[in-house]
Amino acid sequence: MDDGRQTGPAPNRMIRARACLDRGDLAGARDLARKAQAHNPARPGPAILLARIETMAGRPEAAVSILTDFIGAQGSTPDLRRHLAEALFASGAFDEALGHLAPALGEGAGTVRDFMAGARIAFAQGDLPRAAHWAEEAARAAPDNPAPVRLIARIACADADPPARLRALESAMTDPQGLFHARLALAGLLNNLGRSDEAFEVARRITPAEGDDAQTLALSGMFDQCGRHDEARAALRRIGADGPHAAARLLDGALAGTLSPQDARAGIAALGPQADLFAQALAIHATPPAARGAMNDAALRARVGAVLGLRYRTVTDYLRPDPGAAAPLVSIVAPLHRREDEETLVQQILRQDYGNAEVVVAINGPGFDADALAARLRAGGGLRRVEVLDLPVTAMLPVALDAAIAVCRGAYIAKFDADDLYQERYLSRMVRFMIANRAAICGKPQIFMHFESMGCTALTAFGGRSWQRLSRDHLRVGSGSSMVFTRDLALALRFDPRFVRGEDRGFQARAIAAGHRILLAPPFDHVACRRAQKGRHVWRIGDTHLLAGALGEVPLIAGSADEADAVLAGITAAL
């Protein structure tokens with residue numbers, strides 16, 4: 001039995017169905033997949049795609065029915081059993097899902113996807129040892145695949161001793177590429193725990209595969225996160241001069257002042273279309289700041305709008321939420337560490353159009369007047385309640401968040417970062433999107449990120465390229481700067497005080513592990529701001545590395561963060 005990849009009308013419909021799926025058009029994808037199935041009902045490809053569509057639409061029971069009916073009519077294969085297990089997992093039938101995977105997992109003959117599916121199910125059941133075992137089996141089966149190692153890292157984050165499992169995996173693996181991914185994950189975990197010196201010692205012993213510029217770029221990013229910027233730059237200089245990642249080295253040289261903008265632009269131009277995003281960034285960087293906003297002409301706005309419209313226009317329950325939907329009390333929690341971020345935070349809170357909100361600010365930095373800040377927020381009107389907590393300067397982000405959540409009264413909690421921009425409809429859209437999809441937590445796997453050092457804003461991917469509504473059968477999480485979650489979830493899980501950084505994304509991973517539904521929203525209404533001085537950020541990765549993760553099909557927006565905010569507001573309104 002094959003997978004339906006034949007010539008003729010059916011595969012054309014399958015290709016078009018997958019294209020619809022990529023841009024979020026579930027209805028269009030479903031219609032094309034059904035036509036492909038009607039054309040040749042014996043082939044499994046359309047049935048598998050239909051099941052995936054139903055799962056993404058929040059109807060995993062329908063996915064189970066589609067696959068069960070197909071297997072009953074055409075017979076089973078290991079691939080179909082795995083897809084059925086994944087659909088059962090999405091519907092909450094964990095034991096039944098594992099039953100379909102048992103033959104492959106028990107005989108040790110499973111594929112990487114089998115072991116990964118088993119690990120995800122065990123993780124969602126809270127069975128961390130079994131989840132780690134199957135994830136390690138997946139890593140051994142495909143040592144050059146980073147996905148199993150990332151899963152092990154996530155499992156370790158939910159364990160009592162996060163680095164222990166990664167150290168065990170590192171010692172058990174012998175393949176150089178596998179060691180690269182395991183050690184990089186271990187370094188990242190140690191760094192998130194605040195043990196940056198240990199993280200650097202792990203990272204500096206990593207040797208990227210010869211000629212693998214992607215690994216070299218990733219290692220450079222880890223050095224950056226450990227605060228070893230000279231080592232990060234030295235690693236970038238080892239990237240090949242004509243490969244797909246050479247543009248990152250050239251852009252970094254221009255930002256650091258070690259390469260003239262003219263030489264950098266000439267070098268990037270010679271690389272061709274593969275360096276388009278870096279070429280745009282360098283062109284914007286070389287333009288005087290006062291003139292950058294003029295680069296967002298009508299043609300550029302139309303290009304950005306066309307891409308975003310194609311990708312997100314179908315997300316109607318986010319872009320145009322039901323105005324008659326319930327409006328429960330929402331608590332905005334906002335840790336505030338730097339005095340210079342206070343004005344931005346106040347503006348973002350007071351501009352929200354959601355009519356039933358309170359705010360709890362947790363100050364954990366010097367130089368603030370808590371009473372004056374509270375008075376400003378109350379004077380803005382529209383907030384049900386304002387409370388400002390004055391915490392010790394030593395209180396880290398997880399402690400500040402837990403302290404704020406403890407005094408919240410809202411059914412939903414929205415985390416605001418003090419230096420980011422949140423447009424007027426951000427809160428109302430996120431909350432009503434959650435209510436419409438019955439989710440316990442909502443984040444954004446892609447966010448618009450403003451780079452002050454380059455004077456531009458890009459659509460950056462944090463949790464994969466897909467924004468689609470993902471249920472607990474996936475482990476993809478969103479950016480930590482854009483999170484809304486229920487108060488019950490926050491009180492049950494709490495934030496982990498051991499983590500100095502990365503705990504907002506870790507919180508999402510633990511929510512999935514506890515069996516909660518996570519919703520991934522499109523990237524509108526929020527601009528995360530990366531200041532030129534990285535000392536202002538807990539997360540210290542360099543701008544060059546972040547830009548490498550941007551989505552190249554969406555053009556960069558030139559100018560300040562406020563100019564990007566205005567461009568995006570206009571485009572969103574047009575959608």
Side-chain angles (χ1 to χ4, degrees), residues 144 146 176-188 190-191 196-287 449 451-456 458 460-461 530-535 537 539-550 552 556:
D144 59 340
Q177 289 182 303
L179 280 175
F180 175 87
H181 295 302
R183 286 175 175 163
L184 196 70
L186 174 59
L190 288 168
N191 190 55
S196 57
D197 289 341
E198 293 175 65
F200 173 69
E201 286 303 313
V202 171
R204 75 182 184 88
R205 293 196 298 271
I206 297 174
T207 304
E210 185 175 354
D212 193 329
D213 289 344
Q215 289 191 359
T216 302
L217 182 63
L219 180 61
S220 173
M222 181 53 62
F223 288 146
D224 245 345
Q225 292 185 57
C226 295
R228 306 301 180 102
H229 305 301
D230 290 341
E231 288 84 351
R233 193 146 284 135
L236 279 177
R237 289 196 294 268
R238 294 196 293 271
I239 290 176
D242 56 358
H245 299 286
R249 179 174 58 82
L250 294 168
L251 177 61
D252 189 76
L255 293 176
T258 58
L259 189 65
S260 73
Q262 294 78 14
D263 289 343
R265 293 184 73 178
I268 286 180
L271 295 173
Q274 65 186 5
D276 182 57
L277 205 64
F278 292 93
Q280 291 179 50
L282 194 55
I284 294 169
H285 176 63
T287 303
M449 179 168 288
F451 298 95
E452 189 178 65
S453 65
M454 292 176 271
C456 64
T460 306
R530 293 291 294 177
R531 306 302 180 185
Q533 297 298 322
K534 293 301 172 287
H537 298 287
W539 193 33
R540 295 174 291 191
I541 191 169
D543 291 345
T544 299
H545 303 95
L546 286 173
L547 187 62
L556 299 181

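We number each residue from 1, following the sequence as shown. Just so it is clear, the model here is predicted, and its values are computed rather than measured.
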Side-chain heavy atoms of [X] within contact of [Y], under 4.5 Å:
| X | Y | result |
| --- | --- | --- |
| Arg530 | Met449 | yes |
| Thr207 | Leu219 | no |
| Leu236 | His545 | yes |

Hits for side-chain contact (heavy atoms from CB on, under 4.5 Å) against Thr287, two or more places apart or cross-chain, chain-then-number order -> Ala291, Arg292, Met295

Do you know which two heavy atoms are closest between [X] and [Y], and how far apart they sit?
| X | Y | result |
| --- | --- | --- |
| Ile206 | Val202 | CG1-O, 3.5 Å |
| Met222 | Ala203 | CG-CB, 3.9 Å |
| Asn191 | Ser196 | OD1-CB, 3.4 Å |
| Ala281 | Leu556 | N-CD1, 3.4 Å |
| Ile268 | Ala247 | CD1-O, 4.1 Å |
| Ile284 | Met454 | CG2-O, 3.5 Å |

Distance-only criterion, 3.5 Å: show the donor-acceptor pairs between side-chain atoms of residues 250-260 and protein atoms not counting sequence neighbours.
from   : atom 1 : to     : atom 2 : distance (Å)
Asp252 : OD1    : Arg233 : NH2    : 3.4
Asp252 : OD1    : Thr544 : OG1    : 3.3
Asp252 : OD2    : Arg233 : NE     : 2.6
Asp252 : OD2    : Arg233 : NH2    : 3.4
Thr258 : OG1    : Gly253 : O      : 3.3
Ser260 : OG     : Asp263 : N      : 3.0
Ser260 : OG     : Asp263 : OD2    : 3.2

Any residue meeting salt bridge (charged side-chain N to carboxylate O under 4.0 Å, His left out) with Arg238, in chain and number order, not counting sequence neighbours:
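Per chain and number, Arg238 pairs via salt bridge (charged side-chain N to carboxylate O under 4.0 Å, His left out) with no residue.
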
Drop me the distance from [X]'s [atom1] to [Y]'s [atom2], to the nearest 0.5 angstrom.
| X | Y | atom1 | atom2 | answer |
| --- | --- | --- | --- | --- |
| His245 | Ser220 | NE2 | OG | 12.0 Å |
| Arg237 | Arg249 | CZ | CZ | 10.0 Å |
| Cys226 | Glu198 | SG | CD | 10.5 Å |
| Leu282 | Cys456 | CG | SG | 10.0 Å |
| Phe451 | Leu546 | CZ | CG | 5.0 Å |

Run the numbers on Arg531 and Asp543 for salt bridge (charged side-chain N to carboxylate O under 4.0 Å, His left out), then give the verdict.
CA-CA 9 Å; Arg531 306 302 180 185; Asp543 291 345; over 6 Å; no

Should the pair Arg228 and Phe200 be classed as cation-pi, given the thresholds of under 6.0 Å to the six-membered ring centre and 45° from the axis?
yes

